[in-house]
Amino acid sequence: MSAAPDDRKPHDRGGWPTDEHVDTHDHAHLDWEWRTDALVRVLSAKGVISTDQMRRAIESLPLERYEASSYYERWSAALEALLVEKGLLAAAEVDARARGAA
Amino acid sequence: MTEARARFAPGDRVRVRREYPPTHFRTPLYAQGKTGVVEHLYGAYRNPEDLAYARDGLPKAPLYRVRFEQTHLWPEYAGAAHDTLCIDLYDHWLEPSEGGL
Amino acid sequence: MSEHDHPHEHAQRDFQPDEEPTASALRAAAIEALLTEKGVVAREEVTRVVEATRAQTPQAGAAVVARAWSDPAYKERLKARPFEAIAELGYDIPIEAPQLYVVENSPAQRNVIVCTLCSCYPRALLGPPPDWYKSLAYRSRVVVEPRAVLREFGTVVPDDVEVKVWDSTADLRFLVIPERPAGTEGLGEDALAGLVTRDSMIGVSDALAPEGAEVRAG
């Protein structure tokens, strides 16, 4: 992966130049990845967020972060951004809680 | 009005608008400016460019499947000349195309 | 169906007593804990969805394809009204599931599904998508060099067969009916369903040959 070939956003991958082969093996998800997947689904079912809002938040990640992140790291970052945007969470409280749990 | 009128029908030649808004949209860059043929009209769906900002997505936008020749999308396409690709595109991203490719 | 979908594999990976949680795991846990404390979600609600998701397999898709191979009238119903045809076989599709569109491979045309913009996938029928489907490499390349990508899955498409790529950019999710393998004329639906792999329903590989099932599953 490399810098964008043009001014496109990081999620718009069709035809993005790369020599990388497709790794056709599956990898098991970690527990927090399953929970993030489920959390997004539960919050969507409750109408707190939606698929389209999640997509918008994911594609708003900076290119470097988008490419360096795993799939559910992108989801988690996007979810956090949406929840902060809606006033349901404050970024500082997420920071504090994540540090406190370490 | 809760549903925009479908301006195209299967068989129509269409060109995809070239536009890259800073906001959310679902038209990939690689198809922009390209010409294809409407293959199917699915119906009308809430507009994702509106839904992404927690709005209601109305009026619904007609959604088509548009088919492109691969050799037209990618000048250096290495597959067979009859290979194709289709994308689902909303009405407001399409304009009529009279000429050829 | 892939062996990778068996739940025991996930269970092995999830239990990691010796590993420090990553920053991502801590942050995800913090988000969920805060939402729980604020009463936005309950932990059990999330757990229930995790369990339901982990129980999902491509089995429903395989059963539907096997019936479509066996019954031409069913296949037409499946293409015309997918969810109603799937319900005929006793599978529940969640009401919030995105609309499904069924495409059929033929000797003249092979269909391959991708979502270049994110990871749209017929989860209601196939369960969660495989990692490769969500990978940047697949999303970047399969639209521009589908035949090369298919070769990486061991699938060689002759030049006289049209390769048609479907980029799921909007409200539809796509399911491929692969070609019915030769030599399966006498097989019942259960045996046929055993030949229908997840990857064949995404379009990157063929259904298994009846005698090749053991080889591919290993």
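Both backbone and side-chain heavy atoms feed into the values below; hydrogens, waters and symmetry mates do not. Labels below follow one simple rule: chain letters A, B, ... track the order of the sequence lines, proteins then strands, and each chain is numbered from 1.
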Using 0.5 Å steps for rounding, measure from the OH atom of B/Tyr30 to the CZ atom of A/Arg8.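 That separation rounds to 10.0 Å.
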So, for B/Leu51 and A/Gln53, which heavy atoms are closest and what is the spacing to 0.1 Å?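 So the minimum-distance heavy-atom pair works out to O-CG, 3.7 Å.
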Which atom of A/Lys9 lies closest to which atom of B/Thr23, heavy atoms considered: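 Here A/Lys9 and B/Thr23 meet closest at NZ-O, 2.7 Å.
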Between B/Tyr20 and A/Asp12, a side-chain donor and acceptor under 3.5 Å: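 Judged by distance alone, the side chains do pair up.
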Taking salt bridge (Lys or Arg N to Asp or Glu O under 4.0 Å) as the test, write out the residues that go with B/Arg26, two or more places apart.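 For B/Arg26 there are no salt bridge (Lys or Arg N to Asp or Glu O under 4.0 Å) partners, ignoring immediate neighbours.
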Taking A/Arg56 for its side chain and B/His24 for its backbone only, find out whether a donor-acceptor pair lies under 3.5 Å.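 Checked: no pair found.
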Suppose a student defines contact as a heavy atom less than 4.5 Å from any heavy atom of chain B. Which residues in residues 79-89 of chain A would they list?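 If one takes a 4.5 Å heavy-atom cut-off, the residues of residues 79-89 of chain A near chain B are A/Lys86.
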Crowded around A/Arg65 CZ? As in, over 12 foreign heavy atoms under 6.0 Å?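 Counting neighbours around CZ of A/Arg65, 12 or fewer heavy atoms of other residues, nucleotides or ligands fall under 6.0 Å, so no.
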